[in-house]
2 protein chains.
Amino acid sequence: MLLSSLSLDSASATPVYVQVAQGLAQRIESGQLRAGSALPAERELAAALGVSRVTVRQALALLSQQGLLTRRHGSGTFVTPPPRPGELPSRTLGLLSSFSEDVRSRGQVPGARVLGFERTRPSAQEAMSLALSPGELVYRLRRLRTADGEPLAIEDSTLPAALVGELRPEEVQDASLYALLSARALSPARAIRHLRALNADLTLAPLLGVPVGAALLATDRVSWLAGGRPIEYARAHYRGDRYDFVMELQGGA
Amino acid sequence: MLLSSLSLDSASATPVYVQVAQGLAQRIESGQLRAGSALPAERELAAALGVSRVTVRQALALLSQQGLLTRRHGSGTFVTPPPRPGELPSRTLGLLSSFSEDVRSRGQVPGARVLGFERTRPSAQEAMSLALSPGELVYRLRRLRTADGEPLAIEDSTLPAALVGELRPEEVQDASLYALLSARALSPARAIRHLRALNADLTLAPLLGVPVGAALLATDRVSWLAGGRPIEYARAHYRGDRYDFVMELQGGA
DNA sequence: CAGTGGTCTAGACCACTGA
DNA sequence: CAGTGGTCTAGACCACTGC
């Protein structure tokens with residue numbers, strides 16, 4: 001069998017499970033294990049390699065963590081399909097766009113499911129970002145955003161209640177938030193967005209359908225009206241395996 | 001003891017190790033476990049909670065994966081210090097800047113260590129991004145980029161050899177690559193950068209000093225000269241816990 | 001229902017840290 | 001040197017998948 005040729009050295013400084021992981025990773029990258037194909041069962045691997053099942057599982061967990069393998073309970077362990085789906089037509093870069101527009105420009109169908117909606121007092125973070133005076137209320141909206149029906153991001157939006165006026169739960173169900181603001185002449189004119197990477201925690205992972213620890217692209221965005229008043233503070237956590245940002249840069253130096 | 005109050009239900013649908021992790025996470029977030037403080041030893045926790053050490057380790061691994069805990073071999077398990085360091089003065093946004101400039105604008109001292117330098121044939125990816133005709137050679141440079149001496153990113157740069165001319169190993173040691181190009185009148189005028197999040201693999205993790213699976217911010221950038229010829233293809237992998245990108249967006253709609 | 005991954009156990013030894 | 005996390009074992013049972 002292909003895999004038993006993996007030579008392990010229990011005396012080596014690198015742990016056995018890392019050796020197993022490296023061996024498998026190499027076979028995946030070299031194409032000896034094709035994308036989508038199933039690996040031998042854990043017990044089979046353990047027997048073939050002469051190690052315990054726990055050790056095999058440690059190796060598989062490592063590779064699954066890196067996204068190389070996909071594990072399906074009751075079904076098997078598979079080589080994760082090709083790297084990235086498709087890059088798409090270059091979009092309007094550096095322009096403010098809503099999630100919906102963004103997804104559409106990639107040729108997919110955007111969707112949203114409201115996970116929470118409330119009118120409440122802002123957190124310290126929200127109050128600061130929106131430059132609210134103490135006591136001012138905000139609307140807080142948490143939505144699962146989808147592309148072609150698949151979970152893509154969790155988006156938390158916070159808006160100053162005084163600025164947007166009455167906002168009913170039904171209104172935020174499906175419409176784009178930007179469309180809703182636009183209808184009230186509250187279109188943002190400028191925004192600053194921070195991006196960073198973090199690991200999915202126990203709350204976000206199940207919502208996005210990824211394993212705990214999966215890499216997420218996290219963004220914080222503050223949007224201002226033309227007049228300079230903050231209109232939205234939004235945090236979003238995108239699945240790292242399904243999304244990428246594009247930005248265009250102009251030469252300065 | 002504080003921790004033994006963690007009530008576990010082995011009959012529950014949520015696995016015991018998740019229950020343990022959630023309990024610990026809650027105690028960390030609520031401040032009952034202060035940042036920097038040490039957790040009880042694994043064997044101690046296992047005894048206190050009435051579960052096996054393996055189960056405790058699974059819980060700790062989960063939290064460590066999320067960055068909540070830091071484990072030090074031979075020393076102990078600690079609550080990871082505060083969240084993010086400091087956001088810094090708003091920088092020139094949407095402008096091309098080198099790693100060095102970028103780090104300096106955050107008030108830190110940039111550094112570089114060359115991990116590899118070669119003159120070779122381009123990969124398919126590189127050839128496509130740089131619009132090279134078959135057979136054209138490239139310089140390929142891999143550097144560990146540091147901020148205040150701490151590893152921040154792995155940067156892989158590829159440049160068309162024909163365009164940059166002779167490039168000696170010594171030249172790329174410490175200088176900014178942009179400075180070097182600038183000196184040859186090869187300053188890029190425009191660039192497009194893609195950003196996404198991925199988990200650190202077995203190669204990158206040790207170089208950056210993070211555990212396998214840690215979230216990394218990955219970027220691909222292609223830079224063009226004013227004339228439209230591609231001058232650099234660069235891939236970088238930033239530590240997710242030490243870096244964030246800032247972009248400014250202008251209202252379109 | 002057979003086969004798969006998911007969870008859990010008890011116990012052993014190694015490797016590193018720090019007083 | 002005592003205490004810590006890191007690795008590894010053999011074996012058990014559960015929960016899900018798909019025929």
Side-chain angles (χ1 to χ4, degrees), chain A residues 3 6 8-24 36-65 68-80 202 205-206 209-213, chain B residues 3 6 8-24 36-65 68-80 202 205-206 209-213:
Chain A
L3 292 165
L6 249 173
L8 302 181
D9 176 9
S10 57
S12 159
T14 65
V16 176
Y17 74 91
V18 174
Q19 295 179 46
V20 173
Q22 287 172 332
L24 290 174
S37 66
L39 261 65
E42 297 176 354
R43 293 161 177 83
E44 214 175 308
L45 268 175
L49 300 174
V51 299
S52 82
R53 185 176 161 218
V54 179
T55 302
V56 167
R57 278 182 63 76
Q58 236 173 322
L60 296 181
L62 212 53
L63 296 174
S64 159
Q65 237 169 58
L68 275 178
L69 296 180
T70 303
R71 319 188 69 182
R72 281 198 278 276
H73 191 171
S75 174
T77 301
F78 304 84
V79 178
T80 307
L202 286 167
V210 298
V212 169
Chain B
L3 293 166
L6 248 172
L8 302 181
D9 176 9
S10 57
S12 160
T14 65
V16 176
Y17 76 90
V18 173
Q19 295 179 46
V20 174
Q22 286 173 332
L24 290 174
S37 67
L39 261 64
E42 296 177 354
R43 293 163 178 83
E44 215 176 306
L45 268 175
L49 299 174
V51 298
S52 83
R53 186 178 160 217
V54 179
T55 301
V56 167
R57 279 182 62 76
Q58 236 173 323
L60 297 182
L62 212 52
L63 296 174
S64 158
Q65 236 167 60
L68 275 178
L69 296 180
T70 303
R71 319 187 69 180
R72 282 199 278 275
H73 192 172
S75 174
T77 301
F78 304 84
V79 179
T80 307
L202 287 166
V210 298
V212 170

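Quick caveat: nothing in here was measured; it's all calculated off a predicted structure. Below, read A as the first sequence line, B as the second, and so on, with proteins coming before strands; counting in each chain starts at 1.
B/Q65 CD to B/L60 CG: the interatomic distance, rounded to the nearest 0.5 Å, is 12.0 Å. Distance check, rounded to the nearest 0.5 Å: CG of A/L49 to CD of A/Q19 gives 10.5 Å. Within the model, atoms CZ of A/R71 and CZ of A/R57 stand 5.0 Å from one another, a figure rounded to the nearest 0.5 Å.
Summarising the geometry, the separation between NE2 on B/H73 and P on D/dG5 is reported as 9 Å, rounded to the nearest angstrom. Atom pair A/E44:CD and C/dG3:C1' shows a separation of 11 Å (rounding to whole Å applied). Taking atom CG of residue B/L39 and atom C1' of nucleotide D/dT4, one finds them 13 Å apart after rounding to whole Å. As a whole-Å value, the separation of A/R71 CZ from C/dG6 C1' is 9 Å. One atom, CG of B/L69, and another, C1' of D/dT4, lie 15 Å apart when rounded to the nearest Å.
Here the closest heavy-atom approach between residue A/T55 and residue A/Y17 is recorded as O-CB, 3.6 Å.
Contact of the B/Q22 side chain with the A/L202 side chain is registered, since non-hydrogen atoms from C-beta on lie closer than 4.5 Å. B/L24 has its side chain within reach of B/L63: a pair of non-hydrogen atoms, C-beta onward, lies under 4.5 Å apart.
The closest donor-acceptor contact from the side chain of B/T80 to the backbone of B/L69 lies under 3.5 Å.
Between the side chain of B/R43 and the base of D/dG5 there is at least one donor-acceptor pair of N/O atoms closer than 3.5 Å.
Residue A/R72 places no side-chain N or O under 4.0 Å from the OP1 or OP2 atom of C/dG5.
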Does the pair A/L68 and A/V79 meet the rule for a side chain to side chain contact (heavy atoms under 4.5 Å, CB included), with working shown? CA-CA 6 Å; A/L68 275 178; A/V79 178; over 6 Å; no
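Base pairing in DNA chain C gives the following stems of 3 or more Watson-Crick or G-U pairs, range against range and under 3.5 Å: C:1-18 with D:1-18.
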Pull out every protein N or O sitting under 3.5 Å from an N or O of nucleotides 7-9 of chain C, one pair per line with the distance.
unit_1 : atom_1 : unit_2 : atom_2 : d
C/dT7  : OP1    : B/Y17  : OH     : 2.9
C/dT7  : OP2    : B/Y17  : OH     : 3.3
C/dC8  : OP1    : B/V16  : N      : 2.5
C/dC8  : OP2    : B/Y17  : N      : 3.4
C/dT9  : OP2    : B/S52  : N      : 2.8
C/dT9  : OP2    : B/S52  : OG     : 2.8
C/dT9  : OP2    : B/T55  : OG1    : 2.4

